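Below: one structure, written as structure tokens.
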Number of protein chains: 2
Amino acid sequence: MNPDQPLPRKSRSSNIDRRTRLPVAQDVARLAGVSIATVSRALNEPEKVRPATREAVMKAAAELGFVLNSAARALSTRRSSTVGVIVPSYGNEVFVRALSSFQRTMRAANYQVLAASSEYDLATEMQEVSFLLQRSVDGLMLVGGIHDPDLYTRAERSQVPIIQSFSLSDRHYCVGFDNREATFRAANYLLDLGHKRVAVVTGTRENNDRAGPRAEGVRLAMAERGLELIPAHDLTVSSGIVAGRDAFGQLMGGPEEQRPTAIICGTDEIALGIMSEASERGVDIPRSLSVIGFNDSSFSAVLSPPLTTIRVDADEIGKISALALLNLMNDRTMVQMTRITPELVLRGTVAPPAKL
Amino acid sequence: MNPDQPLPRKSRSSNIDRRTRLPVAQDVARLAGVSIATVSRALNEPEKVRPATREAVMKAAAELGFVLNSAARALSTRRSSTVGVIVPSYGNEVFVRALSSFQRTMRAANYQVLAASSEYDLATEMQEVSFLLQRSVDGLMLVGGIHDPDLYTRAERSQVPIIQSFSLSDRHYCVGFDNREATFRAANYLLDLGHKRVAVVTGTRENNDRAGPRAEGVRLAMAERGLELIPAHDLTVSSGIVAGRDAFGQLMGGPEEQRPTAIICGTDEIALGIMSEASERGVDIPRSLSVIGFNDSSFSAVLSPPLTTIRVDADEIGKISALALLNLMNDRTMVQMTRITPELVLRGTVAPPAKL
DNA sequence: ACATGAGTTGAAAGCGTTTACATAGACAAC
DNA sequence: GTTGTCTATGTAAACGCTTTCAACTCATGT
């Protein structure tokens, strides 16, 4: 337009060089009449500077609207005050709840959390972990104990502690519960009521140490009573509500004397799918079919009938995991395993078998 | 133990000084026989270095297991490759969905996302934003257009672009929809069926530009037909399923001729609560009461009866918001407003009023 | 032969903190 | 008065990158 007008000096970065550069510690130091080191101390270790000095610094900082540059801080201290979390999926309410309380706890300790989902895929998870390590997170929370073997190596190399959640392990720090025992107890409850044909349907068991053991628990309980969990009654489906609907079809398709009289589900979503399909096909729950879910999702209590389910305190898992990780990151001693106890919540979807 | 043994030199940071220090660019440079500048270029702008050199660098980097230190990078470039998102709550599936697709899109562009929830509180939101700005996020996604006035000032000061979602604005970049129009259409659908007493129940409307307009839309549709949305039929509740149950009690408590024949809900969770309570009290949906939800949550289609609801494509909102923000952060031109169209999904919870 | 210029590379100056170390006072003990 | 101990502050060197600028290498055109 106007070639006479001198172009603004190109700044170093591609961003516009604003006259209003953000204030840095040096500016605060100048205004407060102290050195930059004192500014840093006043902000990070207030007890180490004389009250009068401290206040001068605080005042100057407030006046300028100064905020510490966290990248510089991270570079200097070699800690990012950031932790990473990888959950299998955001579609499962229980993970979101755990994530949420994990985050709340971390936030209170002045940590930021970077979250990602693996979509139940080990390679994706590894990729996300790489990304997180590159961001030099100070700690990592993972779900379950099955991961890319490289993951542990890499994390250790970067000295990033890992906390495992939702399952137990004797080789890693963990906050979780015994998945097998949970369904074992649920199955026993059904067997006590007289059920003989109990089915189990879970999400994918590949690289998953929650779903597999849940099926195991049922098998075990039945075995103890001389019953067999027949293959047709042991289903692996993709997770989610629609998967539950499909499962119903597969389980209840055969002749009546082969159909299960009760189903234990790996998630409440699957249970909901089964209930929905049952209602559509006119199968009465619980009179003709008992159903037990897992997780006690928010909707479970208000279904009709309300869903009997295995409740897991996800908030607790998230919170304790966070506290544990905080300990680990600060080289404090730390119990290796925290065991959460799932609780069988009796509601309206279980009854004795019809033919009893 | 052994006082003769010299103590290991105390390292600068409190961490243990590992013999296995992580490799830095300098190490790669040395191994590849090039300068550190070339390493940086090979990694960031491969096309600017001769193929042979590039490969030498890559090989050396791989051999050492080198990863860029993102804090150093951020400090140097003044960009963190991190964006922040604040949603009102993780308890609302629709926000989680949007967040998830936002994240996926950002991730593909090599950005990390820091997420937080405001719990529908402006002060909390502002606090989180402060925290995010301190982390020097490059961009911000917020839900709705009502925020602490400081928020915009501070963001602008840091030159952090903001994208608003789930509602529209002519003052800010936004990806959302017309909340009033959405319920307006839903209300008209009910009115066309002959309903005269339509109620509306939403979550908190304070500092919320989604819930308020949703109620507005109903009022407007009724007004156009000479009907009045009476105060007793216009409810604000805390969000969630239990809130829905309460709402049912309040709305259906009065004498029959004052009860609404249809209810439009601000979320599917509220609708679920209402349905649950209705079923418990023996009120037949849809014959005695029609219900319309909002968001089309995953469980809505499998309720019995399946919930008629206003579907909002949260994945789309998340994805487009991310793309928009990416444009903004790269000083690219950008449409100011992207309008998503909600869709009324007809299912089983609406029927003509009983007394027609 | 020489200037021109495009394409590569290296040296070095940041980026904004933290922190080891030095220094300077103040005060007590001798 | 000297010495030593403390405490509060300042100096300056990292931290590990990116990027400007200059230098250098080869073609290429004249």
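Order of the sequence lines fixes the chain letters, A, B, ..., with proteins taken first and strands second; residue numbering starts at 1 for each chain. Note that this is a predicted model, so its numbers are computed, not measured.
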*Heavy atoms under 4.0 Å, any strand shown: does A:V34 hit a base, just sugar-phosphate, or nothing?*
sugar-phosphate

*Please give, in whole Å, the distance from C:dT19 C1' to A:L43 CG?*
15 Å

*Mind checking A:S70 for me? I need base, sugar-phosphate or nothing, with any heavy atom below 4.0 Å counting as a touch.*
nothing

*asked:* Main chain of A:S101, side chain of A:T105: is a donor-acceptor contact present, judged purely on distance under 3.5 Å?
replied: yes

*If you take all heavy atoms of B:V129 and B:L142, which pair is closest and at what distance?*
CG2-CD2, 4.5 Å

*Nearest nucleotide by nearest heavy atom, which residue falls closer to the 5' end of DNA chain D, B:N69 or B:T38?*
B:N69

*asked:* Ring-plane angle category for A:F95 and A:F166, please: parallel below 30°, perpendicular beyond 60°, tilted otherwise.
replied: perpendicular

*Are A:R50 and D:dA8 close enough that a side-chain N or O sits under 4.0 Å from OP1 or OP2?*
no

*Nucleotide C:dT18, atom P - distance to CD of A:Q26 in whole Å*: 13 Å

*Using whole Å, report how far CD1 of A:I36 lies from P of D:dC15.*
17 Å

*Looking only at N and O atoms, is any donor in the side chain of B:R41 or the base of C:dG10 less than 3.5 Å from an acceptor on the other one?*
yes

_Just N and O in the side chain of A:R73: are any of them under 4.0 Å from OP1 or OP2 of D:dC15?_
no

*asked:* When the axes are fitted on five pairs at both termini, how much does the helix from C:dA1-D:dT30 to C:dC30-D:dG1 curve, in 10° steps?
replied: 50°

*Tell whether B:S76 reaches the base of C:dG14 with its side chain through a donor-acceptor pair below 3.5 angstrom.*
yes

*Give a yes or no on whether a donor-acceptor pair under 3.5 Å exists between the nucleobase atoms of D:dT18, that is its base, and the side chain of B:S40.*
no

*Measure from the side chain of A:R78, starting at C-beta and using heavy atoms only, and say which of D:dG16, C:dT9, D:dT19 lies closest.*
D:dG16

*Considering heavy-atom distances to DNA chain C, does B:G33 or A:A37 have its closest nucleotide positioned more toward the 5' end?*
B:G33

*C:dG16 C1' sits how many Å from B:R79 CZ, rounded?*
18 Å

*Any luck finding a side-chain donor-acceptor pair between A:Y120 and A:E125 under 3.5 Å?*
no

*Taking only residues at least two apart or on different chains, which pairs with a member in residues 25-39 of chain A satisfy salt bridge (Lys or Arg N to Asp or Glu O under 4.0 Å)?*
A:R21-A:D27, A:D27-A:R30

_Nearest whole Å is fine: how far is D:dA8 C1' from A:E45 CD?_
13 Å

*Any luck finding a side-chain donor-acceptor pair between B:R135 and A:T82 under 3.5 Å?*
yes

*asked:* If I take atom CG in residue B:L22 and atom P in nucleotide D:dC17, what distance separates them, rounded to the nearest angstrom?
replied: 10 Å

*Is there a donor-acceptor contact under 3.5 Å from the side chain of B:S100 to the main chain of B:V96?*
no

*Checking salt bridge (Lys or Arg N to Asp or Glu O under 4.0 Å) for the pair A:E128/B:R107: CA distance, chi angles, key distance, verdict?*
CA-CA 9 Å; A:E128 292 294 344; B:R107 180 63 189 71; 3.3 Å; yes

*Whole-Å distance between C:dG16 C1' and A:L64 CG?*
15 Å

*In whole angstroms, how far is the P atom of C:dG7 from the NZ atom of B:K48?*
11 Å

